[in-house]
Structures are given as C-alpha cells and as structure tokens.
Protein chains: 2
Amino acid sequence: MSEWETRLAASGYRLTAARRAILQVLSESPVPLSPLEICRQGQARCTSLGPATVYRTLELLEKESLVRRVYQENGACAYLPALPGHRHAILCRSCGRAAEFPGSEDWESLAALVQQATGYRVEGHLLQLMGLCPDCQREEAK
Amino acid sequence: MSEWETRLAASGYRLTAARRAILQVLSESPVPLSPLEICRQGQARCTSLGPATVYRTLELLEKESLVRRVYQENGACAYLPALPGHRHAILCRSCGRAAEFPGSEDWESLAALVQQATGYRVEGHLLQLMGLCPDCQREEAK
DNA sequence: CTTCTTGCAAAGATTTTGCAGGATC
DNA sequence: GATCCTGCAAAATCTTTGCAAGAAG
C-alpha cells in the first residue's frame, strides 16, 4: 500500500480505480495537468473515467494535501502531486515543468510587516514562482 | 485626464466608453470582481457592454498593469484596480475585501534559495495572502 | 449489506471567436 | 478617413448536479 493509499484510507475514503488512475496519471506527468487533461489521460487506466469524477476527486485530494493546485500564466489552473510538508511550486515558463520547494520561515516577518501596513491579520498565503528550469536554461544558452 | 487615461493613451490605446465603465466599476467596488460581475455592473454606465469586451479589456488592462488579478479561495479569479509599483494583494476570507501591499526586497534571498534547491532560474512570482481584514477582526471578537 | 463512489447525461456557467457596424484619433 | 474597438451571436470549453447502478469495506 503506497503512501497516499494509506492516507486516504486513514481518512475514511475508499480506494477506487478512478482515484488510483488519477493519482497515477499525475505522478507520471512531467507537467501539471488540468482536470480535463487528467480525465483524458486517466481513461487509459480506467476506461469509464469521466470529468465529474475527476473534479470531485481533485477536490478531495486537495483537501487531503495529496495534490497541489497551481496557476499557469494564462490563469488556468492545473494540478501536481504534492510532496509532504509545507511547500510551494515553481513553474517553468518554457516547458511548464514544476518543482516544489519548502516554505521558509521568513514568512513570520513578512506577515508582521503586512499586518502593520494593511491591518489585516495574515492567515495564509498563495505563493508560486515562475522561472526557467535547468533544461530550458541550457536550451536558451544555445 | 486621469492617471490611467494618460497611461492607456500613451500606449496607443483608445479611450472608450467600455474601458471607462470597466475601470470605474472596479475602482468603486469594495471587493475584487469577476469578469461577468464587472460586465453586469458596467452596464449601468455603458448599456451595451458585453462579456466579450470585458474579457478583452481585462487582458489589456492587466498587461498595462492597471488591474491586478487575484485568485479567490474557490480558485475563481477576480480583478481589482492595481496601485502603481510592485505590489501584492491580501484578501479577507470573510468579506472578500482586498488590500495591496508593496513587495519586499527579501525576495532576492528567497529567489537565491529556491534557485539553489531546484535549479530553476527565478523570474517572477505570484504572491497573495489570505487573512482577516480589520472590520472582520472586530466582528469576530464579538 | 451499508455506505460511499462512479459515470452518465444534462444543465449551467464561463470564455473565445468572427465579423459587421461604430467610435476614436 | 484609417484603424481600432465594440457588441452580438454562436461556438467552444469548462464545471456542476441529480440520480441510478456499481464497488468497497
């Protein structure tokens, strides 16, 4: 039983073909995928898989922190498997590949600054970086 | 001629009723608005305003840094007028109101860290905070 | 065997596009 | 007057929902 299967089971969710297919597709993709892309690719593993299930499953997996949602340049959102812990993603503007990195503690001080500037009590954040992955840097150098 | 009118004209764009309506609606709204909400409210000022124009205009205004796009908890995106300079937004999870705050320089060091951890060259970022605005903090205290 | 999930189909919502008429400069 | 913009209508997408059948525990 893999990590995520244990996790789902522990939270009282059932292990189904659809859920397995979706997580498998995500874990094998080099780039984050949109719900419909996941559906299309997932049908190779679970023939009857439909969009409704994909949307419902992604919502569930996101709540369980098994997948992470990212926003692409065009504003469309996509998903990638989430590494454990508090992390953020960086997306390559050229090939779209994503990497994750741990959130730093410098946040405490930023939160304090923002709180002072705006009066808002800071409770959470959405942080995502854009950049160029190692491969595309090499490509660009040519 | 207001600030943004000058800006658009300088970039070679025309000043039209639709664009005026959209910016006016945004600047008067206490919360970020979705494209269709902008369209609905904008029709009070420009009767024939349609969704197509709103979408096209928002894209343009975003490129000109006159509006800023934010993502709400549900993942839907919305727009608010952009203050000049490099800023980020914080959204209230209760009433939805947004405030903007300046980006800090601590980013340089974060970028370096991430670059080392992932190999990506950092070029840009999407940062948005979530929290509770002063009014809603008071409300909650009751 | 009980409860959770799925998948379909349909509805709802959002976003994009082509193009003719109209507005701006 | 030339060019840019708009607004309509339609199409293309994307997302949600209700419900009956099927699967998991």
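All chains are named by letter (A, B, ...) in the order of the sequence lines, taking the proteins before the strands, and each is independently numbered beginning at 1. Heavy atoms only: backbone and side chains are in, while hydrogens, waters and symmetry mates are out.
Across A:Leu80, A:Ile38, A:Ile22, a single residue satisfies side chain to side chain contact (heavy atoms under 4.5 Å, CB included) together with A:Leu33, and that is A:Ile38. Only one option out of A:Arg20, A:Arg19, A:Arg14 pairs with A:Glu5 in a salt bridge (charged side-chain N to carboxylate O under 4.0 Å, His left out); it is A:Arg20.
Linking Ile, Leu, Val, Met, Phe, Trp and Tyr residues whenever their side-chain heavy atoms come within less than 4.5 Å places A:Leu15 and A:Leu49 in a single cluster.
Contacts of A:Thr16 with the nucleic acid, taken as non-hydrogen atoms under 4.0 Å apart, involve only primed sugar atoms and P, OP1 or OP2. Within 4.0 Å (heavy atoms only), A:Ala18 reaches sugar-phosphate atoms of the nucleic acid but no base atom. Heavy atoms of A:Cys39 sit nowhere under 4.0 angstrom from any nucleic acid atom. Counting any heavy atom pair closer than 4.0 Å across all strands shown, B:Thr53 reaches a base atom.
One atom, CZ of A:Arg69, and another, C1' of D:dC14, lie 14 Å apart when rounded to the nearest Å. Rounded to a whole Å, the CZ atom of B:Arg19 is 6 Å from the C1' atom of D:dC5. Atom CG of A:Asn74 is separated from atom P of D:dT13 by 15 Å (rounded to the nearest Å). Computed from coordinates, the A:Ile38 CD1 to D:dT13 C1' distance equals 16 Å when rounded to whole Å. Between the P atom of D:dC5 and the CD1 atom of B:Ile22 lies a distance of 13 Å, rounded to the nearest Å. The distance from atom CG of B:Leu8 to atom C1' of D:dC4 is 13 Å, rounded to the nearest whole Å. The distance from atom CG of B:Leu49 to atom C1' of D:dC5 is 12 Å, rounded to the nearest whole Å.
Once you apply a 4.0 Å limit to the heavy atoms of chain A, the touched nucleotides of DNA chain C run 5' to 3' over C:dT3 to C:dC8.
Each of B:Ala17 and B:Pro51 lies near DNA chain C, and the nucleotide nearest B:Pro51 is the one positioned closer to the 5' end. When each of B:Ala52 and A:Tyr13 is assigned the nucleotide of DNA chain D with its nearest heavy atom, B:Ala52 is the one assigned upstream, toward the 5' end.
Near-neighbour residues of DNA chain D inside residues 55-64 of chain A, defined by a heavy atom below 4.0 Å, number-ordered: A:Tyr55, A:Arg56.
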Please step through side chain to side chain contact (heavy atoms under 4.5 Å, CB included) for the pair A:Val114 and B:His88, ending with a clear verdict.
CA-CA 10 Å; A:Val114 171; B:His88 298 285; over 6 Å; no

Side chain to side chain contact (heavy atoms under 4.5 Å, CB included) assessment of B:Leu66 paired with B:Leu60
CA-CA 9 Å; B:Leu66 289 172; B:Leu60 183 165; over 6 Å; no

Audit row: A:Gln41, A:Ser29, side chain to side chain donor-acceptor pair (under 3.5 Å) steps and yes/no
CA-CA 10 Å; A:Gln41 297 190 27; A:Ser29 170; 5.4 Å; no

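Inspection of the A:Ser11 and A:Glu64 side chains reveals an N or O donor paired with an N or O acceptor under 3.5 Å.
To the nearest 0.5 angstrom, B:Leu110 atom CG is 6.5 Å from A:Leu127 atom CG. Here the straight-line distance linking atom CG of B:Leu91 with atom CG of B:Leu132 works out to 12.0 Å at 0.5 Å rounding.
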